[in-house]
Amino acid sequence: MRIIDTVSAFTGKRSVVALGMFDGVHIGHQALIRRAVALAHELNGESVVCTFDRHPLSVLCPEKAPVPLLPLEGNLQKFEALGADWALVQPFTPAYGATPPEDFLRTLVRDLRAAAIVTGENYTFGAGGRGDAAMIRRMAGPLGYAAEIVPSVMDGDVMCSSTWIRRLLEQGETAHAERLLRL
């Protein structure tokens, strides 16, 4: 797997982009990344998992920033184990956080030559978190990519999320949390 820190460093001919924060790479993230990898094979492209070098809240609102479930290196190892061809680790800055979501999508299509964008139902992005799965679907036709929104993976009646796993760890449910994080 190749690791880059800017979209302009991508040298592949076309990509399938997986979008998310991917903290811990839990079973929900794994489903999303596996779908992106499979779709890249179907479309004769390369899978690019896009994440950040730190949680956006650590820059935008440090007092609300969650403790990472895994260090970045651990997340990258999981991306590679799941078959990702590329990892884009975008440095998160206030200026980057102010990017309009429409511009973010245009950049993915232009610089990553995105043939498809894969994300989860509750993913938000761009300035003010205004971008979401509905926007990804809506802009697919005009920008010329396929949109795939992966349904949430459930843990019983609770959506599997990094927040849920942190709660389990706070409650001492270590074995349960580890099961959700296992590849």
Side-chain angles (χ1 to χ4, degrees), residues 1-7 10 15-40 45-60 65-92 96-97 99 101 104-105 107-109 111-112 114-137 139-140 145-155 158-166 177 180-183:
M1 180 180 76
R2 289 174 269 188
I3 301 169
I4 56 177
D5 64 2
T6 179
V7 291
F10 178 71
S15 70
V16 172
V17 178
L19 295 178
M21 184 54 223
F22 301 117
D23 181 21
V25 194
H26 58 64
I27 59 174
H29 296 147
Q30 293 170 36
L32 193 156
I33 293 168
R34 284 187 177 108
R35 180 60 193 136
V37 168
L39 189 56
E46 296 177 76
S47 55
V48 180
V49 179
C50 296
T51 192
F52 299 113
D53 66 337
R54 68 197 80 188
H55 197 288
L57 284 176
S58 70
V59 173
L60 301 173
V67 174
L69 291 171
L70 273 181
L72 178 60
E73 185 58 40
N75 292 328
L76 293 172
Q77 289 171 356
K78 285 185 163 187
F79 297 167
E80 186 168 32
L82 290 164
D85 298 306
W86 297 78
L88 169 59
V89 182
Q90 177 68 49
F92 194 90
Y96 187 80
T99 303
F104 175 74
L105 292 174
T107 298
L108 296 179
V109 171
D111 294 344
L112 296 180
I117 297 175
V118 180
T119 195
E121 298 172 315
N122 64 340
Y123 180 67
T124 60
F125 61 98
R130 289 186 301 110
D132 59 12
M135 178 182 280
I136 290 171
R137 279 192 189 106
M139 292 189 71
Y145 63 84
E148 287 230 8
I149 310 304
V150 176
S152 297
V153 173
M154 302 302 288
D155 179 37
V158 178
M159 180 184 73
C160 184
S161 68
S162 299
T163 301
W164 172 238
I165 293 169
R166 281 187 199 88
L180 299 175
L181 291 165
R182 191 173 303 125
L183 281 180

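Just so you know, residue 1 is the first one in the sequence shown, and it goes up from there.
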Please test H29 against L82 for side-chain contact (heavy atoms from CB on, under 4.5 Å), starting from the C-alpha separation and ending with a verdict.
-> CA-CA 10 Å; H29 296 147; L82 290 164; over 6 Å; no
Evaluation steps, side-chain contact (heavy atoms from CB on, under 4.5 Å), between M159 and N122 | CA-CA 10 Å; M159 180 184 73; N122 64 340; 3.2 Å; yes
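A heavy-atom distance below 4.5 Å is found between the side chains of L57 and P66. Between L181 and K78, the closest side-chain pair of non-hydrogen atoms falls below 4.5 Å. Here the side chains of P68 and H55 are not in contact, with every heavy-atom distance at 4.5 Å or above. Looking at heavy atoms from C-beta onward, Y145 lies in side-chain contact with L105 at the 4.5 angstrom threshold. Contact of the N75 side chain with the T51 side chain is not registered, since no non-hydrogen atoms from C-beta on lie closer than 4.5 Å.
The main-chain N or O of V67 is found under 3.5 Å from a side-chain atom of R166 such that the two form a donor-acceptor pair. Formation of a donor-acceptor pair under 3.5 Å by the D23 side chain with backbone atoms of L69 is found in this model. Not one N or O on the side chain of Y123 forms a donor-acceptor pair closer than 3.5 Å with the backbone of V118. No side-chain donor-acceptor contact under 3.5 Å links D5 to the backbone of V89. Remark: side-chain polar atoms of S47 are not paired, donor with acceptor, to backbone N or O of V16 under 3.5 angstrom. A donor-acceptor distance shorter than 3.5 angstrom exists from the side chain of S15 to the backbone of L112, with no hydrogens or angles considered. Between the side chain of Q30 and the main chain of V25, a donor-acceptor pair closer than 3.5 Å is present.
Residues S161 and H26 share a closest heavy-atom pair of CA-NE2, 3.5 Å. Between A81 and L183, the shortest heavy-atom contact is CB-CD1, 3.6 Å. Nearest heavy atoms, G120 versus A133: O-CB, 4.0 Å. Summarising the geometry of V49 relative to A84, their closest heavy-atom pair is CG2-CB, 3.7 Å, with the distance given to 0.1 Å. Looking at every heavy atom in both residues, L39 comes nearest to E148 through CD2-OE2, 3.8 Å. The two residues F52 and P56 come nearest to each other via the heavy atoms CD1-CG, 3.8 Å.
The distance from atom CG of D53 to atom OG of S58, rounded to the nearest 0.5 Å, is 7.5 Å. Atoms CE and SG, from M21 and C50 in turn, are 12.0 Å apart once rounded to the nearest 0.5 Å. Note that CG of L88 is 8.0 Å distant from CG of L108, once rounded to the nearest 0.5 Å. In this structure, CZ on F79 lies 5.0 Å from CD1 on I33, to the nearest 0.5 angstrom. In this structure, CD1 on I165 lies 5.0 Å from CG on L180, to the nearest 0.5 angstrom. Atoms CD1 and CZ, from I27 and R182 in turn, are 10.5 Å apart once rounded to the nearest 0.5 Å.
Taking the six-membered ring where the residue is Trp, Y96 and F92 present perpendicular rings, their angle passing 60° and hence far from 30°. Aromatic ring orientation, F125 versus F104: tilted (interplanar angle from 30° to 60°).
Here the rule is side chain to side chain contact (heavy atoms under 4.5 Å, CB included) with T119, and of D132, V150, T124, L19 only L19 fits it.
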